[in-house]
Structures are given as C-alpha cells and as structure tokens.
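Contents: one structure, followed by commentary.
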Amino acid sequence: MNDPGNRWPFALRRLTPNLGAEILDVTLADAISDAVFAGIHRAFLEYQVLLFPAQDVPPERQVALARRFGEVQIHVMNQYHADGYPELYRLSNLDADGKPNGRHPDKGTLAWHTDGSWRRRTGQATIIYGEVMPRRGGETHFCDMYGAYERLDSAWKQRIANLRAVHNLDFSRNRRHGEDPMTDEQRRATPPVDHPVVRTHPQTKRKCLFLGDHAESIVGMPYEEGRALIDELNALAPHPDLTYEHRWQPGQLLVWDNRCTMHRATPYDPVSEGRVIRRCTVLGDIPE
Ligand SMILES: [Fe+2]
C-alpha cells in the first residue's frame, strides 16, 4: 500500500485502507525542517494516526515535536510527570529495579476514549513513545470517528445533531477502578465540561462523532437516558474495517488526532510483562 506519486517529503506507507500511515525515513532525534514538518502535519490530518518506526527519541525531542503541533498540555495527574519534563506523562508498571510490579498503571485507557475530552480545550495530537513493550497484549487500537458518524443512519444523525455531552474525568476514572483516586485539588482543577456530540474538525471541516469513555451524561436529558445513549453510540462507533490495531515494538512513536479518532489499550499481564510509555498531549480547540 505505498503512496502513489510523490506528495510527501518522506516515504509513506499506509497502515490500513482507511486510516493510519507509517512515515519511514524521518529521524526524530534530529531537528525536523519546516518542509518535513508540513508533510507530517498534512499526513496527520489525512491519515489520523501516524507511526514512526523504532528509533531513539530523547524526551526533549518528543516535547519539541509536540510543540510543532501546538500548545502542550501539562497533565493534572502530576504523579506521572516523566524525566523532569512536566509535558511528558509516563505510564509504567516497572518498580525501581525494573521489575513488573503487577499493577496496571491506568486502567482507564482500556476503554475507547479520546484524550483530554474532559477539558474545555480538548486534546489535539497525542504523541506516545514506547520504551518497553510486553510480548503479548498492550496494543493500542484506533477507530475512525469520521467514519463512525458517516455510518450512522439518518434517524441517528437527526437525533444527535444538537446534543451536547458532559465529559468528566472523575467519572471515567472512578467508575472503572478505585485505584489512585484523584485528590480534591485535582478534582477542583477538572470540573465537568460539555461538548457537542457531533463536532466539526477545525482543520478538515469534516463532521465526526465525539464521545468516548469520559462522556458521562447528555445535557437536558435524564441521567440514565443519557448514559444509555452514550453507551450505545460508543459501542456503535468502532467498526472493524475502520479500525487500526497497533502492535507495538519498543522504540516506535505514534502520533494521533484526538479530534477524529478514539483509542484504547488492550490488556496485558502486568505481573510478568513490562510496559512503559511516554506520552505528550497537544491542546486543541474548544469543540464546535
Ligand atoms: Fe488515551
């Protein structure tokens, strides 16, 4: 599935017929020229998920790449800050000796979600570098939310056209597991916010569904009715033929567009296997 023609300043290989592309000859440890970054950004808008093959990416280069996309989020869960870079958030199940500690560091990532949807300005790009990866499981799956919207029938489209959903980090964390609860200060810093259920991507101008696991309720609808509607749409959204399932190799880097995709991690055995990732999220717009 090589890209026809010569539209890109690098070699590009599509990962599925619908979304995802691998960028083959960009060295992320080096400074990236404006022309190459412009190509990366165009590919990001077109393919929604970008993969860079295994290579050494120092933390400062990951942050520098993120800054090319926009303002980088400083995460409220400050216990995860990595390498002295508050822009980076490390998820690891290794103890100080490098042995698996048996705990999954963030079970919330196992459900389909979009990063930062619990903020007024939601996540734009997320950039993850895989430091240590398990031999089995620990994959990252992506689904296409343009396609999820386009495949809804007209009755669904009419029903949700003007709905807004309340997104709440405290809800999505606590209903899945009671580990690592948010502090009062963290909770105060992340009050629930509402966003349109159907948003228009600010750059591609295409409509997409915008829900995921942080969506708790629907504005103006009884709570349980809103919960049922969100659960139904979250289950309808991932279509197998519009999904990319990434099986990691250590040293790979993924960039994805949170405005038009959802993602989830698959389980792995945190007792026998290690998994360490470094994540950086770029702030986006207020969804419209
Ligand atoms: Fe995520």
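On a predicted model such as this, the values are computed, not experimentally measured, just so you know. Just follow the structure's listing: the first ligand is 1, and inside any ligand the first atom is 1.
- Looking at H263, its N, O or S atom nearest to the Fe ion (ligand 1) turns out to be NE2.
- Between the side chains of Y146 and T204, at least one donor-acceptor pair of N or O atoms lies under 3.5 Å.
- H141 and H263 have their aromatic ring centers separated by at least 6.0 angstrom.
- Two rings, from H41 and F69, have their centers less than 6.0 Å apart.
- Atom OD1 is the N/O/S atom of D115 found closest to the Fe ion (ligand 1).
- Contact check for H195 versus T122: side-chain heavy atoms found under the 4.5 Å cut-off.
- Taking the Fe ion (ligand 1) as reference, the nearest N/O/S atom within H113 carries the name NE2.
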